[in-house]
Trainee: 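The structure under discussion is supplied below as C-alpha coordinates; questions concerning it will follow.
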Amino acid sequence: MRIATWNVNSIRSRIDRAVGVLERHDLDVLLLQETKCRDDQFPEMPLSAAGYEVAMHGLNQWNGVAIISRVGLEDVTIGFPGMPSYGEPPVAEARAIGATCGGVRVWSLYVPNGREIGHAHYAYKLDWLTRLRDVAAGWLADDPQAQVVLAGDWNIAPLDEDVWDMAFFEGKTHVTDPERAAFRAVVDAGYADLVRPYTPGPGTYTYWDYTQLSFPKRRGMRIDFALGTPALAARVTDASIDREERKGKGASDHAPVIVTLAD
DNA sequence: ATGGTCGGTCGCCGA
(Lines give C-alpha, C1' and ligand atoms only; values in the text may rest on other atoms or scores of the structure.)
Protein backbone atom coordinates (compact mmCIF):
# COMPACT_ATOMS: atom_id res chain seq x y z
CA MET A 1 0.00 0.00 0.00
CA ARG A 2 1.31 3.42 -0.95
CA ILE A 3 0.15 6.69 0.62
CA ALA A 4 1.22 10.22 -0.30
CA THR A 5 0.58 13.72 1.02
CA TRP A 6 0.79 16.83 -1.11
CA ASN A 7 -0.01 20.50 -0.69
CA VAL A 8 -1.39 20.89 -4.22
CA ASN A 9 -1.98 24.66 -4.01
CA SER A 10 -5.31 24.60 -5.90
CA ILE A 11 -6.66 21.29 -7.17
CA ARG A 12 -8.51 23.04 -9.99
CA SER A 13 -5.31 24.44 -11.46
CA ARG A 14 -3.41 21.18 -10.95
CA ILE A 15 -5.85 18.34 -11.49
CA ASP A 16 -3.79 16.96 -14.40
CA ARG A 17 -0.65 16.96 -12.27
CA ALA A 18 -2.59 15.24 -9.46
CA VAL A 19 -3.65 12.42 -11.78
CA GLY A 20 -0.04 12.21 -12.91
CA VAL A 21 1.18 11.87 -9.32
CA LEU A 22 -1.35 9.10 -8.63
CA GLU A 23 -0.23 7.16 -11.69
CA ARG A 24 3.51 7.80 -11.46
CA HIS A 25 3.72 6.57 -7.89
CA ASP A 26 0.99 3.92 -8.18
CA LEU A 27 -0.69 5.53 -5.16
CA ASP A 28 -3.51 3.91 -3.21
CA VAL A 29 -4.19 7.04 -1.16
CA LEU A 30 -3.37 10.69 -1.82
CA LEU A 31 -3.92 13.30 0.90
CA LEU A 32 -4.25 16.84 -0.41
CA GLN A 33 -3.98 20.22 1.25
CA GLU A 34 -4.81 23.70 -0.06
CA THR A 35 -7.34 22.47 -2.59
CA LYS A 36 -8.63 26.07 -2.59
CA CYS A 37 -12.19 25.34 -3.67
CA ARG A 38 -15.64 24.50 -2.38
CA ASP A 39 -16.80 20.89 -2.55
CA ASP A 40 -19.07 21.69 -5.52
CA GLN A 41 -16.08 23.09 -7.43
CA PHE A 42 -13.80 20.08 -6.85
CA PRO A 43 -12.78 18.38 -10.13
CA GLU A 44 -13.76 14.85 -9.14
CA MET A 45 -14.38 13.30 -12.56
CA PRO A 46 -10.75 12.77 -13.68
CA LEU A 47 -10.09 11.03 -10.36
CA SER A 48 -13.17 8.81 -10.62
CA ALA A 49 -12.15 7.91 -14.16
CA ALA A 50 -8.76 6.83 -12.80
CA GLY A 51 -10.49 4.52 -10.32
CA TYR A 52 -10.42 6.63 -7.16
CA GLU A 53 -13.00 7.79 -4.66
CA VAL A 54 -12.75 11.30 -3.23
CA ALA A 55 -13.72 12.86 0.08
CA MET A 56 -13.22 16.62 0.12
CA HIS A 57 -13.76 19.49 2.49
CA GLY A 58 -13.61 23.01 1.14
CA LEU A 59 -15.59 26.01 2.34
CA ASN A 60 -14.23 28.80 0.10
CA GLN A 61 -11.07 29.75 -1.80
CA TRP A 62 -8.91 29.33 1.28
CA ASN A 63 -7.42 26.14 2.73
CA GLY A 64 -9.33 22.99 1.73
CA VAL A 65 -8.31 19.35 2.24
CA ALA A 66 -9.16 16.09 0.50
CA ILE A 67 -8.57 12.34 0.55
CA ILE A 68 -8.31 10.38 -2.70
CA SER A 69 -8.39 6.58 -2.36
CA ARG A 70 -8.72 3.43 -4.43
CA VAL A 71 -8.70 1.13 -1.37
CA GLY A 72 -11.92 2.28 0.24
CA LEU A 73 -12.99 5.53 1.86
CA GLU A 74 -15.02 5.00 5.01
CA ASP A 75 -15.98 6.89 8.15
CA VAL A 76 -15.10 10.30 6.74
CA THR A 77 -14.65 12.90 9.47
CA ILE A 78 -14.57 16.65 8.82
CA GLY A 79 -12.24 18.36 11.26
CA PHE A 80 -10.91 16.63 14.38
CA PRO A 81 -12.70 16.73 17.73
CA GLY A 82 -11.76 19.93 19.54
CA MET A 83 -10.23 21.58 16.47
CA PRO A 84 -9.96 25.32 17.17
CA SER A 85 -11.74 27.96 15.11
CA TYR A 86 -10.27 31.24 13.87
CA GLY A 87 -11.44 34.78 13.25
CA GLU A 88 -14.06 37.16 14.53
CA PRO A 89 -16.50 35.60 14.84
CA PRO A 90 -14.58 32.31 15.18
CA VAL A 91 -15.12 29.96 12.26
CA ALA A 92 -13.96 26.34 11.83
CA GLU A 93 -11.67 26.30 8.80
CA ALA A 94 -11.22 23.53 6.21
CA ARG A 95 -7.95 22.18 7.57
CA ALA A 96 -8.56 18.55 8.52
CA ILE A 97 -10.30 15.53 7.03
CA GLY A 98 -10.00 11.93 8.16
CA ALA A 99 -11.07 8.62 6.67
CA THR A 100 -10.36 4.91 6.88
CA CYS A 101 -8.70 3.63 3.71
CA GLY A 102 -7.58 0.03 3.37
CA GLY A 103 -7.64 -0.42 7.12
CA VAL A 104 -5.55 2.68 7.83
CA ARG A 105 -6.99 5.75 9.51
CA VAL A 106 -5.58 8.63 7.44
CA TRP A 107 -5.74 12.35 8.15
CA SER A 108 -5.03 15.12 5.67
CA LEU A 109 -3.94 18.12 7.73
CA TYR A 110 -3.24 21.72 6.81
CA VAL A 111 -1.72 23.30 9.90
CA PRO A 112 -2.29 27.07 10.17
CA ASN A 113 0.62 29.10 8.80
CA GLY A 114 1.03 31.39 11.80
CA ARG A 115 1.86 34.40 9.59
CA GLU A 116 4.01 36.31 12.09
CA ILE A 117 5.26 35.71 15.60
CA GLY A 118 2.78 37.37 17.94
CA HIS A 119 -0.01 37.42 15.37
CA ALA A 120 -3.35 35.91 16.41
CA HIS A 121 -2.76 33.33 13.68
CA TYR A 122 0.43 32.23 15.44
CA ALA A 123 -1.44 31.54 18.69
CA TYR A 124 -4.10 29.77 16.63
CA LYS A 125 -1.40 27.57 15.07
CA LEU A 126 -0.02 26.52 18.46
CA ASP A 127 -3.48 25.88 19.87
CA TRP A 128 -4.46 23.89 16.77
CA LEU A 129 -1.40 21.67 17.17
CA THR A 130 -1.96 21.19 20.88
CA ARG A 131 -5.55 20.10 20.29
CA LEU A 132 -4.40 17.76 17.54
CA ARG A 133 -1.82 16.24 19.85
CA ASP A 134 -4.42 15.73 22.57
CA VAL A 135 -6.94 14.00 20.34
CA ALA A 136 -4.29 11.91 18.56
CA ALA A 137 -2.82 10.79 21.88
CA GLY A 138 -6.31 9.67 22.83
CA TRP A 139 -6.66 7.53 19.73
CA LEU A 140 -3.47 5.70 20.61
CA ALA A 141 -4.47 5.33 24.25
CA ASP A 142 -7.78 3.82 23.18
CA ASP A 143 -6.02 1.36 20.86
CA PRO A 144 -2.25 0.89 21.10
CA GLN A 145 -2.42 -1.14 17.87
CA ALA A 146 -4.17 1.64 15.95
CA GLN A 147 -2.89 2.28 12.44
CA VAL A 148 -3.12 6.04 12.06
CA VAL A 149 -1.35 8.42 9.67
CA LEU A 150 -1.23 12.17 10.39
CA ALA A 151 0.01 13.73 7.18
CA GLY A 152 0.05 17.09 5.55
CA ASP A 153 1.56 20.55 5.51
CA TRP A 154 2.66 21.17 9.10
CA ASN A 155 4.12 24.62 8.39
CA ILE A 156 6.96 23.80 10.79
CA ALA A 157 10.60 23.02 10.11
CA PRO A 158 11.40 20.83 13.14
CA LEU A 159 15.19 20.89 12.78
CA ASP A 160 17.70 23.56 11.81
CA GLU A 161 18.70 21.43 8.85
CA ASP A 162 15.11 21.59 7.58
CA VAL A 163 15.62 25.11 6.23
CA TRP A 164 18.18 26.36 3.75
CA ASP A 165 19.51 29.07 6.06
CA MET A 166 18.63 29.48 9.73
CA ALA A 167 19.87 33.08 9.68
CA PHE A 168 17.23 33.90 7.07
CA PHE A 169 14.50 32.65 9.41
CA GLU A 170 15.61 34.67 12.40
CA GLY A 171 12.45 36.20 13.89
CA LYS A 172 10.18 34.33 11.48
CA THR A 173 7.61 31.61 11.98
CA HIS A 174 8.06 27.90 11.15
CA VAL A 175 11.30 27.55 13.14
CA THR A 176 10.45 28.99 16.57
CA ASP A 177 10.84 26.94 19.74
CA PRO A 178 7.09 26.88 20.53
CA GLU A 179 6.25 25.62 17.04
CA ARG A 180 8.96 22.98 17.19
CA ALA A 181 7.82 21.97 20.68
CA ALA A 182 4.25 21.62 19.40
CA PHE A 183 5.41 19.36 16.58
CA ARG A 184 7.64 17.35 18.91
CA ALA A 185 4.69 16.87 21.26
CA VAL A 186 2.84 15.00 18.52
CA VAL A 187 5.89 12.83 17.96
CA ASP A 188 6.23 12.27 21.71
CA ALA A 189 2.58 11.22 21.81
CA GLY A 190 3.63 8.21 19.74
CA TYR A 191 3.51 9.45 16.15
CA ALA A 192 6.84 8.81 14.42
CA ASP A 193 8.13 10.61 11.36
CA LEU A 194 7.69 7.94 8.68
CA VAL A 195 9.71 9.72 6.00
CA ARG A 196 12.85 11.25 7.47
CA PRO A 197 14.61 7.90 8.06
CA TYR A 198 14.43 7.29 4.29
CA THR A 199 15.18 10.88 3.24
CA PRO A 200 17.95 12.18 5.49
CA GLY A 201 19.09 15.80 5.36
CA PRO A 202 20.58 18.26 5.27
CA GLY A 203 19.26 19.85 2.09
CA THR A 204 16.19 17.61 1.91
CA TYR A 205 13.13 19.79 1.45
CA THR A 206 9.46 19.52 0.56
CA TYR A 207 8.70 23.19 -0.15
CA TRP A 208 10.35 25.94 -2.13
CA ASP A 209 8.97 29.48 -2.26
CA TYR A 210 7.83 30.56 -5.72
CA THR A 211 9.80 33.80 -5.40
CA GLN A 212 13.50 34.56 -5.72
CA LEU A 213 14.26 31.47 -7.81
CA SER A 214 14.21 29.45 -4.59
CA PHE A 215 13.89 26.06 -6.24
CA PRO A 216 16.83 26.23 -8.65
CA LYS A 217 18.88 27.79 -5.86
CA ARG A 218 17.89 24.88 -3.60
CA ARG A 219 16.55 27.21 -0.95
CA GLY A 220 13.75 25.11 0.51
CA MET A 221 12.11 23.93 3.70
CA ARG A 222 11.05 20.53 5.01
CA ILE A 223 7.58 21.28 6.34
CA ASP A 224 5.45 18.45 4.92
CA PHE A 225 5.37 15.30 7.03
CA ALA A 226 3.66 11.95 7.39
CA LEU A 227 3.61 10.77 11.00
CA GLY A 228 2.29 7.41 12.12
CA THR A 229 1.47 5.26 15.11
CA PRO A 230 3.90 2.45 16.09
CA ALA A 231 1.79 -0.23 14.38
CA LEU A 232 1.78 1.85 11.21
CA ALA A 233 5.46 2.79 11.40
CA ALA A 234 6.33 -0.90 11.66
CA ARG A 235 4.85 -1.42 8.17
CA VAL A 236 6.88 1.26 6.38
CA THR A 237 9.31 -0.18 3.82
CA ASP A 238 10.20 3.01 1.94
CA ALA A 239 9.54 6.73 1.70
CA SER A 240 10.49 9.50 -0.69
CA ILE A 241 9.99 13.13 -1.68
CA ASP A 242 9.03 13.71 -5.31
CA ARG A 243 11.29 16.68 -6.03
CA GLU A 244 10.71 16.21 -9.77
CA GLU A 245 7.08 17.27 -9.31
CA ARG A 246 8.27 20.73 -8.23
CA LYS A 247 9.87 21.27 -11.63
CA GLY A 248 8.45 22.96 -14.71
CA LYS A 249 5.59 25.28 -15.51
CA GLY A 250 2.51 24.90 -13.36
CA ALA A 251 4.13 23.16 -10.38
CA SER A 252 2.85 23.49 -6.82
CA ASP A 253 5.33 25.10 -4.46
CA HIS A 254 5.25 21.84 -2.44
CA ALA A 255 6.49 18.39 -3.49
CA PRO A 256 4.53 15.18 -2.82
CA VAL A 257 5.78 13.03 0.07
CA ILE A 258 5.30 9.29 -0.43
CA VAL A 259 5.23 6.39 2.04
CA THR A 260 5.20 2.71 1.09
CA LEU A 261 3.70 0.16 3.50
CA ALA A 262 4.11 -3.61 3.62
CA ASP A 263 0.83 -5.44 3.00
C1' DA B 1 17.76 38.80 -18.86
C1' DT B 2 20.51 44.29 -14.53
C1' DG B 3 15.19 41.23 -12.76
C1' DG B 4 12.78 36.87 -11.28
C1' DT B 5 5.72 33.96 -7.75
C1' DC B 6 1.63 31.97 -7.52
C1' DG B 7 -3.89 31.17 -7.12
C1' DG B 8 -8.30 33.08 -6.57
C1' DT B 9 -10.31 36.57 -8.03
C1' DC B 10 -10.47 41.63 -9.98
C1' DG B 11 -8.13 45.03 -5.79
C1' DC B 12 -6.05 42.79 -3.32
C1' DC B 13 -5.16 38.67 0.45
C1' DG B 14 -2.73 34.67 1.76
C1' DA B 15 1.19 31.75 1.28
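Residue numbers begin at 1 in each chain, while the letters A, B, ... track the order of the sequences. Please read these numbers as outputs of a predicted model, since none were measured by experiment.
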Trainee: Does the ring-ring contact (aromatic ring centres under 6.0 Å, His included) test come out yes or no for A:Phe169 and A:His174, once each step is laid out?
Mentor: CA-CA 8 Å; A:Phe169 287 90; A:His174 293 60; 7.5 Å; no

Trainee: Please tabulate, for side-chain N and O atoms in residues 256-263 of chain A, each donor-acceptor pair with protein atoms closer than 3.5 Å (sequence neighbours left out).
Mentor:
residue: A:Thr260; atom: OG1; partner: A:Arg2; partner atom: NE; Å: 3.0
residue: A:Asp263; atom: OD1; partner: A:Met1; partner atom: N; Å: 3.4

Trainee: Strictly under 4.0 angstrom, non-hydrogen atoms only: write out the protein contact profile of nucleotides 2-15 of chain B, one letter per nucleotide from the 5' end, B, S or -.
Mentor: --BBSBSS---BSS

Trainee: How about A:Phe80 and A:Trp128: are their ring centroids closer than 6.0 Å?
Mentor: yes

Trainee: If the C1' atom of B:dC6 is compared with that of B:dT2, how far apart are they to the nearest Å?
Mentor: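 Each nucleotide's C1' atom is 24 Å from the other's.
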
Trainee: A:His121 vs A:Tyr124 aromatic rings, parallel, tilted or perpendicular, using cut-offs 30° and 60°?
Mentor: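 Rings of A:His121 and A:Tyr124: perpendicular, over 60°.
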
Trainee: Taking side-chain hydrogen bond (donor to acceptor under 3.5 Å, both in side chains) as the definition, give me every residue that meets it alongside A:Arg17, ordered by chain and number, with sequence neighbours left out.
Mentor: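 Per chain and number, A:Arg17 pairs via side-chain hydrogen bond (donor to acceptor under 3.5 Å, both in side chains) with A:Glu245.
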
Trainee: Between B:dT9 and B:dG14, how far apart are the two P atoms, rounded to whole Å?
Mentor: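 It works out to 14 Å between them.
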
Trainee: For B:dG11 and B:dG7, measure between their C1' atoms and round to the nearest Å.
Mentor: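 After rounding to an integer number of Å, I get 15 Å for this pair.
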
